[in-house]
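Encoded as structure tokens, the structure appears first; notes follow it.
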Amino acid sequence: MLNSEVWLHQQLREQLWKGPAAVSAYLSIATQLIGIALSALFLKALTGPSLYILSISGLLCVLLAWADRLVSCRNHNLGLLQFSLAQSRHRIKAMGIRSEEIDRFAKRLWLDSRIAFKFKNSRFRSVELIIQGLDLLTRTAERYGTGGRKVFCINQEPIINAIRLLDYLTLENAEEVIEQGLANSLTSLPEFDPEGWALTVYRES
């Protein structure tokens with residue numbers, strides 16, 4: 001099983017590259033570079049000011065990335081986990097899969113005040129493990145292209161069972177039951193992974 005701390009750092013790096021701040025930075029810097037190129041060709045007097053503007057934009061992008069990191073890591077990484085779950089749901093939809101349990105879990109993670117309160121006070125390991133399991137499974141399944149749907153559906157049961165337990169148990173009871181059961185499940189590779197892509201996914205994380 002991939003170490004949770006290593007996995008969280010990997011998710012943070014991914015968000016800093018793909019999150020809103022990163023996208024804004026790419027667009028801003030690309031626009032500024034185009035402007036500098038045009039200035040150098042047609043209006044050389046504007047090249048200097050354009051470089052100053054680019055420097056300021058770069059600094060703002062760094063500040064946005066720093067703010068993005070702070071928001072993601074607040075409340076024991078709740079924002080980071082929400083980002084990771086959104087990425088997993090995107091992969092699931094790309095494989096043509098609809099899961100009421102996962103959609104319901106995502107809604108709770110965003111809207112359930114009890115879950116938010118628990119994250120504010122401490123880590124919620126059972127939720128972390130569900131999201132970690134989904135991330136690893138969806139990244140493994142997408143390596144199979146059109147065959148990813150089968151890989152996901154065969155291996156999803158431990159995660160779906162954990163989500164159902166979270167629905168029916170109190171948060172305190174769910175924490176103990178799910179953490180132990182899902183942690184044991186994640187110590188082994190997926191049941192159906194004929195080409196062994198899970199090992200590659202683990203190494204890349």
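What's counted below: heavy atoms across the whole structure, side chains too, no hydrogens, waters or symmetry copies.
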S4-Q132 side chain donor-acceptor pair, cut-off 3.5 Å: yes
Pair D135-Q11, side-chain donor/acceptor within less than 3.5 Å: yes
Worked verdict on D112 versus F117 for side chain to side chain contact (heavy atoms under 4.5 Å, CB included): CA-CA 9 Å; D112 193 324; F117 181 77; over 6 Å; no
Pairing of E175 and R125 as salt bridge, 4.0 angstrom limit: no
Atom of L80, atom of L8 and distance for their closest heavy-atom approach: CD2-O, 3.5 Å
Heavy-atom side-chain proximity of K93 to H90 below 4.5 angstrom: no
Trace of the side chain to side chain contact (heavy atoms under 4.5 Å, CB included) decision for L81 with F119: CA-CA 11 Å; L81 293 169; F119 267 106; 3.5 Å; yes
Straight-line distance of L134 CG to I160 CD1, nearest 0.5 Å: 7.0 Å
From CD1 (I92) to CD (E142), nearest 0.5 Å: 11.0 Å
Test item: V127 and F105 side chains (from C-beta on) under 4.5 Å apart, heavy atoms: yes
I97 side chain reached by I102 side chain, heavy atoms, under 4.5 Å: no
Common cluster, L171/V177, ILVMFWY with side-chain heavy-atom separation under 4.5 Å: yes
Residue pair L166 / F124, side-chain heavy-atom distance below 4.5 Å: yes
Step-by-step side chain to side chain contact (heavy atoms under 4.5 Å, CB included) determination, I178 to I163: CA-CA 9 Å; I178 294 173; I163 292 173; over 6 Å; no
R123/E5 ion pair, N-O < 4.0 Å: yes
Residue pair D193 / L199, side-chain heavy-atom distance below 4.5 Å: no
R108/D167 under salt bridge (Lys or Arg N to Asp or Glu O under 4.0 Å): CA gap, chis, key distance, verdict: CA-CA 9 Å; R108 285 195 69 188; D167 287 338; 3.5 Å; yes
Side chains of W197 and L189 in contact at under 4.5 Å (non-hydrogen atoms): no
Any S126 side-chain heavy atom under 4.5 Å of L182 side chain: no
Residues, nucleotides or ligands: over 12 heavy atoms within 6.0 Å of F192 CZ: yes
Euclidean distance, E128 CD relative to L78 CG, rounded to 0.5 Å: 10.0 Å
Under 3.5 Å: donor-acceptor pair, side chain of N155, backbone of V151: yes
Heavy-atom pair with the smallest gap, counting every atom of Y144 and G196: OH-N, 3.6 Å
Within 6.0 Å of CD in E157, more than 12 heavy atoms from elsewhere: no
Distance (rounded to the nearest 0.5 Å) between R91 CZ and M95 CE: 8.5 Å
Candidate pair D103 and R89, rule salt bridge (Lys or Arg N to Asp or Glu O under 4.0 Å), full reasoning: CA-CA 8 Å; D103 289 343; R89 292 181 72 203; 3.0 Å; yes
Heavy-atom check, side chain of I131 versus side chain of F83, under 4.5 Å: no
